[in-house]
Amino acid sequence: MKRVWTLAAKDLLETRRDRLALLFTVVMPLAFTSFFGLMFAGGSDRLPLAVVRGDAGAPARQLVTMLQRSGVLKVTVTEADAAEKSVDDGRSAAALLIPAGFSAEVAAGRPVQLTLVSTAGSSAAQTVQTEVSAVAGRLVAGERAAQTAVAVAGSAGATGQGGEQALEDASLLMARPLAAEALAHPVATVKVVEAGAAAGQVPNGFVLSSPGMLINFIMFSLLTAGTALIVERRNFTLLRLMTTRVRRWELIAGKAVGMFILTFAQQIILIGAGQLLFAVDYLRDPAALLLLMVATSLVASTLGLLLAAVLTSEQAMVAATVILSMSVSALSGAWFPLEVAGPGFRFVGHLLPTAWILDGLRGVIVRGFGVAEVLPALGVALAWSAALFALAVWRFRLTS
Amino acid sequence: MSRIVAIAVKDLRSTLRNVPALVMMLLAPLALAALLGFAFGGGESFSISATKVAVANLDSGDLGGAENAGTEVAGVLGSPGLADVLEVRNVTDGAAARRAVDDGDAAVAVVIPAGFSAALFSTGATPAKTAVEVYENPTQEIGGGITESVVGRALLGFGGARAAAAAAYGLATANGAAASAGELAGLAAEKYMHDGGAAAGIDITQRPPRLPGGESTKDVGVTGVILAGMMVFFMFFGASNVARTILDEDRAGTLPRLFTTPMRRQTILGGKFTSVFVTVTLQAVVLLVAGRLIFGIDWGRLDSVAALTLAGAAVASGLALLVISVVRTPGQAGAIGAGVYLVLALVGGNFTGTAASSGTYADLQKLTPNGWLLQGWDAGMRGGGIGDITRNVLVPLLFAAVFFVLAALRFRRRYA
C-alpha cells in the first residue's frame, strides 16, 4: 500500500507544480460559477421591457403605469423601430406593442390584443410575458368589473339628468375606482412555500450554477490527470516503473488514488468558495455532502483512469475530455435544469451518476437532504465506478 | 503562391487522417446539437414537459353548500387546455400533497384550504382572508412559476367578481338604492363569472423582432440556434488542431529544415496560415450541409451564410494562430487553447444562445467575436441578408485582423 500512496503523492506533486492544472481545477470553475450565477441571478435585476404605446386612451396609459410599477419589469416607452431594434440587440428582454384601438376594446368589453416581440426560447421573455399577462389581467379585470357593475346596478335608483349614455359614463367613472380598490385588496391570495427551505434562506443564481459548474469542471480536470498518464506511457516511464518492485495493481491503484485525491481537493476548494463567497449552503448537512463528494471523486477518478487507459495521445485526451464534460454536464442538468427538458432526455440523463449527484447536491443546499436521501446517488455512483474501474484495468497498457 | 497552396494541401491531408481532430471538428458539434435539440423536444421551438402537480382541495363549499370555489380552482388546474403544461393528480389532504413534493413524486402541491369558498363569498366591511398554498420544490422553479401563474389567474377571476360586486354595491348605494344593493352585488358577481371575467379578454401573441431593415422575420428553430453555437465553438478547436502542427513540426525539426530551403519564411508561414483558414472553412461547410440534411435547419440566405462562414473561419484561424504563437509546446497549446475557447464561448453565448441575451449579458457578448457572429447567425436564420448583418461580419473580421497581425509579429520574432 505504501507504494500506492507514493505513486499518488508523486502525481499530486506534479499537478501542484503545473500552473495549467491550477487554471482548470480552480480558477476556471470559480470564474464560470461567478459568471453564470451573476447572469442568471433571477430577480435581482428588473427585466428591460420596451413599450410601444400605439393608443393614447386612458386604459393604455393605465396599463403602462401599472407595468412601470411592477417589481419585475424596467419599462421604457419608445417608438416601434427603436423597440424592435432593442430586442434584436438584446438590450430589451422583449417589446410590448399596445395597438391602436386597445383602449376602445377594453372600454367596450371586447377581447384585447397585445403583441410581445421577443426571441424564441428566451427565458427572460417568458418571465416578461407572465408579468405582462398578470398586469394586463388586473387592468382588464378592473374594467370588466366596473362595466359589469354598471350593467347590473348603474341605473338602479339613478335620477340624474342627461341621457342614458351620460348616465352610463357617470356610473363608469364612479365604478372604476370602487372596482380597483376591491382588486387592490383581494380576499384570496397565493401563498408560496418552498419545500425544505431553511429560514431566512434567500434563493440566488449561484444555487443553480455552483453545483453544476462543480460537476462540469471535475470532469474537465480529468484532462490534466489523464494527459500526465498518457505522457508517462509514451515516454516509457510506466515500463521503467515495472522494472522496480512496483506491481501492476499498485501502479493502477496509485494512479486512481491520485486522481481521487485531486478531484476531492478540487471539490473542497470549490465548495468552500461556494459556501463562503456565493452564499451556497453546502454545509447544511455535512455528512450527506461528504457522501456526495466521495461519489463524485469515485466517478471522476475511474473515468479519468479509463480515458487515460484507452486514449493514446494528448490531442485525443483533449477531444474526449471536452466532448465528455459537455455531454455529461448537459445530460446531468449542470447547464440547465432538467425540468425544462423532455421526459426522454431526463430519463437518459438519470442513467448517469452525475445527474443523481447533482440532484443530491441541490437537494442538500435547498431542501436540507440528509444521508438517507443521498444514498441512492451514492449507490449509482458506486455501480458506475466499479464498471469504469474494471474496464480501465482491463484496458490498461504500459506502452502505447 | 503555388508553394503556399502546396503547404496548405499537405496540412489539410494530414488533418483528414487525424481521427481525434475530425471527431472534434465534425462529430462533436453535430452530436452535441442533436443531444441538446433532443433535450428541448427536438422540434422548432423550446418546449418543456408537463409539471406534476398534486392538488388537495379541502374546501367544502360555502355556507349554503351551493358553491365550491375550491372545485373551480382545482378544475382550472386540471383543465384540458393546460394538459401540456400541468399533469394534475388529486389527493385527499394537504399533508399528502406536500409529501408528494418531498418524495419527488410531484414538483408542486396546491392546497386549497378549508373555508376557501366561505371566505370568498363573505360580505361585510372586513371579510375573512384566505390563501391557496403553492408548495413547490425550489429546484424546479419553472413548474412552480407556471402553477403560481395559473392559480393566480383563477383567483383573479374571483377577485374580479368581488370587485364587480363591490362596485355594484357602491353604485346602488350612491344612487339611493341601498335596499337592493346586496342583491345587485350578487347579481354583478354572477354576471362577471358568467361572462368569463378577465381571462376571456386577453390575447398576447409572440413574434420575433423584425430585421434591422424592417422586414418581417421567421422564428429560428432551437436546433439551429444550438448548432450555430456549437459550430462556432468547435471551429476554434478545428483551427487549433491545424495550427498546432506548426509546433509539432518545430519540435520534430521539420519546420527548421524547411527554413533552410530557398523558400522564404513568410511563404512557409503563409502556407500554414492558409491551411488553417481553408480547413476550418471546410469544417464549417460540412457542418452547415449536415445541419441542413440531418436537422433540416434553414441557415438563411446564401450571401449571409457565406459572409458569416468566412468571417467565422477568419476569427477561428486568427485566434488559433495567436494562441500557438504564444505557447511553447503542443500540450500547452491544447490546454491553454481549450481554456481560452471555453471562456470566449461562455461570454459570447455559444452555450446559452442569443435567446438568453439581454441587459448586461448582451453587452458582454459584444466583447467577443463569437458573440457578434452568433447574433449574425440568428439574424441570418430569421431571413436577414448581408445588409442586415454588416456589423456582425465586419466586427469579427476586425478581431481576426488583430489576431493575425499579433500572431505574425510573434512568429516573426520566434523564427527570425
Side-chain angles (χ1 to χ4, degrees), chain A residues 20 23 39 48 84 87-88 90 93 111-122 124 130 133 136-137 140-141 144-146 148-149 152-153 156-158 171 175 178-179 182-183 186-195 197 314-316 318-319 323 330 339-343 345 362 366, chain B residues 20 23-24 28 38-39 41 45-46 48-49 101 119 127 130-135 137-140 142 148-149 151-152 155-156 158-160 162-164 166-168 170-172 175-177 184 187-188 191-192 198 201-206 209-210 219 331 334-335 339 355 357-358 361-362:
Chain A
L20 281 180
L23 178 72
M39 283 303 114
E84 301 266 357
V87 177
D88 200 38
V112 297
Q113 302 279 339
L114 292 169
T115 303
L116 198 71
V117 178
S118 63
T119 310
S122 163
T130 303
S133 178
V140 172
R144 290 278 165 87
T148 303
V152 169
S171 298
L178 291 170
L183 274 173
V187 161
T189 54
V190 177
K191 182 175 114 180
V192 177
V193 176
E194 295 203 335
E314 291 129 289
Q315 199 179 1
V318 170
I323 294 167
E339 70 167 320
V340 307
F345 189 89
R362 289 182 181 136
V366 297
Chain B
V23 166
M24 275 291 264
F38 168 46
S45 61
F46 288 92
I48 63 172
S49 45
V101 173
T130 185
V132 174
E133 180 183 328
V134 175
Y135 182 83
N137 179 342
T139 62
Q140 293 183 275
I142 295 171
E148 285 170 47
S149 174
V151 172
L155 295 187
L156 182 61
F158 295 116
R162 283 189 68 90
L171 274 177
N175 291 337
L184 290 170
L187 285 172
K191 181 173 168 40
Y192 181 94
I202 304 167
D203 181 28
I204 301 179
T205 52
Q206 185 271 338
R210 296 188 200 282
D219 263 325
S357 306
S358 67
Y361 192 22

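Side-chain atoms are counted along with the backbone in the values below, which use heavy atoms only and exclude waters and symmetry mates.
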Considering all heavy atoms of both residues, which atom of [X] and which atom of [Y] are nearest to each other, and what is their separation?
X	Y	answer
B:A167	A:A175	CB-O, 3.8 Å
B:P138	A:V366	CG-CG2, 3.8 Å
B:P209	A:V87	CG-CG1, 3.9 Å
A:A149	B:A188	CA-CB, 4.5 Å
B:Y192	A:A145	CE1-N, 3.7 Å

I need the residue from A:L178, A:V318, A:L183, A:L116 with the largest number of non-hydrogen atom pairs under 4.5 Å to chain B.
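Top option by heavy-atom pairs under 4.5 Å: A:L116.
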Give the C-alpha distance, both sets of side-chain angles, the deciding distance and a yes or no for side chain to side chain contact (heavy atoms under 4.5 Å, CB included) between B:V134 and A:V193.
CA-CA 6 Å; B:V134 175; A:V193 176; over 6 Å; no
Go through A:I323 and B:M24 one step at a time and tell me if the side chain to side chain contact (heavy atoms under 4.5 Å, CB included) criterion holds.
CA-CA 8 Å; A:I323 294 167; B:M24 275 291 264; 4.0 Å; yes
Any side-chain heavy-atom pair from A:K191 and B:V132 closer than 4.5 angstrom?
no
Which residues pass the side-chain contact (heavy atoms from CB on, under 4.5 Å) test with A:P186, sequence neighbours left out?
A:T189
Just how far is it from atom CG of B:L187 to atom OG1 of A:T148, taken to the nearest 0.5 Å?
11.5 Å
To the nearest 0.5 Å, how far apart are CG in B:D203 and CG in A:L114?
8.5 Å
Partners passing salt bridge (Lys or Arg N to Asp or Glu O under 4.0 Å) against B:E148 (at least two apart in sequence or in another chain)
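In terms of salt bridge (Lys or Arg N to Asp or Glu O under 4.0 Å), with neighbours along the sequence ignored, B:E148 is linked to no residue.
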Where on [X] is there a heavy atom nearer than 4.5 Å to chain A: the side chain, the backbone, both, or neither?
X	result
B:I204	both
B:F158	neither
B:S149	side chain

Short question: side chain of A:E194, backbone of B:N137 - any donor-acceptor pair under 3.5 Å?
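Judged by distance alone, no pair lies under 3.5 Å.
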Residue part contacting chain B, namely of A:E84, when any heavy atom lies under 4.5 Å:
both
Would you mind checking which part of A:T130 comes under 4.5 Å of any heavy atom in chain B, side chain (CB onward), backbone (N, CA, C, O), both or neither?
side chain
